[in-house]
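Presented below is the structure to which this report refers.
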Protein chains: 2
Amino acid sequence: MARKYGTDPICSLDYAFQRIGGKYKGRILWHLHIRDVLRYGELRKILDDITPKMLTQSLRELEEDMLIHREVYLEVPPKVEYSLTKVGKELVPFLHHLKDWGAKQIRKEKLKPMKVQS
Amino acid sequence: MARKYGTDPICSLDYAFQRIGGKYKGRILWHLHIRDVLRYGELRKILDDITPKMLTQSLRELEEDMLIHREVYLEVPPKVEYSLTKVGKELVPFLHHLKDWGAKQIRKEKLKPMKVQS
DNA sequence: CCGTATCCCCAGCGATACTG
DNA sequence: CAGTATCGCTGGGGATACGG
């Protein structure tokens, strides 16, 4: 394999986007920040638009990039917990900022449709 | 059309990622921050791995989302300048920190290949 | 409960040529 | 100079079924 990402990163910004880009990674990191520790099934419920395949895939890549930690408990029934690593936690302020920015834009959009009026 | 993005955003974080995600948008915003104003041809040179199609497409979407401003000068030869809007500038701290984070990870990776040694 | 294994689709991206 | 127009590809993502 040797190529996890489509292309080599052009710069550090590119590098960062390759790691936290994708459809679900931002939200996964965010919820792990909010709840601190989450089990596989909990993540699946929270991100209720995700398939098991995509969830596993996203989690594996985040783990490989050292952004999250995976703790397996050898029990019956099995139990697996995910949490942010130190490196992953360093991204929290930025996710927060980005989230606030997004919320602000959404609020603005909601006020716009008034454009078409007499 | 009516659907510029594949899916409706699930939350504000999702919303934000839909706007600045994609392969080039982050870098475009970043360079507009650094250089303040850039012409089409200048952007094309700086992002030297981009095709005119992708550059135009990215710029149009960023403009539609009010993150950048497009100023056309009716001259011969034609001249078009791009710059960040107020809303776009609000993303700069985020991009800055994300870039620093990326740079830090890259530095770490460079020290790792020592793993395979006697 | 926590995942794999398959198969498939499509939107994002790329290459190239052309134009006001 | 600053873009369009066309066509083609490919890998990220989706649906569904199954396994330890």
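Both backbone and side-chain heavy atoms feed into the values below; hydrogens, waters and symmetry mates do not. Chain A is the first sequence line, chain B the second, and so forth, proteins listed ahead of strands; every chain is numbered from 1.
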Open item on the list: If we check side chain to side chain contact (heavy atoms under 4.5 Å, CB included) with R70(B), which of these qualifies: L62(B), L59(B), V80(B)?
Closed with: V80(B)

Task: Ring-face cation contact, Y15(B) with R19(B), 6.0 Å cut, 45° max - done: yes

Task: Residue met sooner reading DNA chain C from 5', once P77(A) and T56(A) are mapped to nucleotides - done: P77(A)

Open item on the list: Using side-chain heavy atoms (C-beta onward) and a distance below 4.5 Å, is K4(A) in contact with D65(A)?
Closed with: yes

Task: Minimal non-hydrogen separation, M66(A) against V87(A), with atom names - done: O-CB, 3.8 Å

Open item on the list: Can you measure L59(B) atom CG to dG12(C) atom P for me and round it to whole angstrom units?
Closed with: 17 Å

TODO: Would you mind reading off the distance between L47(A) atom CG and dG14(D) atom C1', rounded to a whole angstrom?
DONE: 15 Å

Open item on the list: Tell me which residues in residues 35-46 of chain A lie within less than 4.0 Å of DNA chain D, going by non-hydrogen atoms.
Closed with: none

Open item on the list: Considering every strand and a 4.0 Å limit on heavy-atom distances, what is the contact class for Y82(A): base, sugar-phosphate, or nothing?
Closed with: sugar-phosphate

Open item on the list: Check the orientation of F94(B) and F17(A). Use parallel for under 30°, tilted for 30 to 60°, and perpendicular for over 60°.
Closed with: perpendicular

TODO: Could you work out which one of dA2(D), dA15(D), dG3(C) sits closest to the side chain of T51(A)?
DONE: dA15(D)

Task: Protein-nucleotide distance (E71(A), atom CD; dG3(C), atom P), rounded to Å - done: 12 Å

Open item on the list: If you take any heavy atom closer than 4.0 Å to DNA chain C, which residues from residues 13-34 of chain A end up in contact?
Closed with: none

Task: Minimum side-chain heavy-atom gap H97(A)-P93(B) below 4.5 Å - done: yes

Open item on the list: Any N or O donor-acceptor pair under 3.5 Å from the base of dG3(C) to the side chain of K53(A)?
Closed with: no

TODO: Mind calculating the distance between CG (L55(B)) and C1' (dT16(C)) to the nearest angstrom?
DONE: 17 Å

TODO: Could you pick out which residue, Q57(A) or P78(A), lies toward the 5' side of DNA chain D when each is mapped onto its nearest nucleotide?
DONE: Q57(A)

- [ ] Figure out the CE/P separation between M54(B) and dA15(C), and round it to whole Å.
- [x] 11 Å

- [ ] Please report, rounded to the nearest Å, how far the P atom of dG14(C) is from the CD1 atom of I10(A).
- [x] 10 Å

Task: N/O (side chain, R60(B)) to phosphate O (OP1/OP2, dA2(D)) under 4.0 Å - done: no

Task: Minimum side-chain heavy-atom gap V92(B)-L29(B) below 4.5 Å - done: no

TODO: Grab the two heavy atoms, one from A103(B) and one from S12(A), that are nearest each other, plus how far apart they are.
DONE: N-CB, 3.4 Å

Task: Passing option when R27(A) is tested against L32(A), I50(A), L47(A), L43(A) for side chain to side chain contact (heavy atoms under 4.5 Å, CB included) - done: L47(A)

TODO: Mind calculating the distance between CD (E63(A)) and C1' (dG3(C)) to the nearest angstrom?
DONE: 13 Å

- [ ] For I50(A) and for K79(B), find the nucleotide of DNA chain D with the closest heavy atom, then tell me which residue's nucleotide is more 5'.
- [x] K79(B)

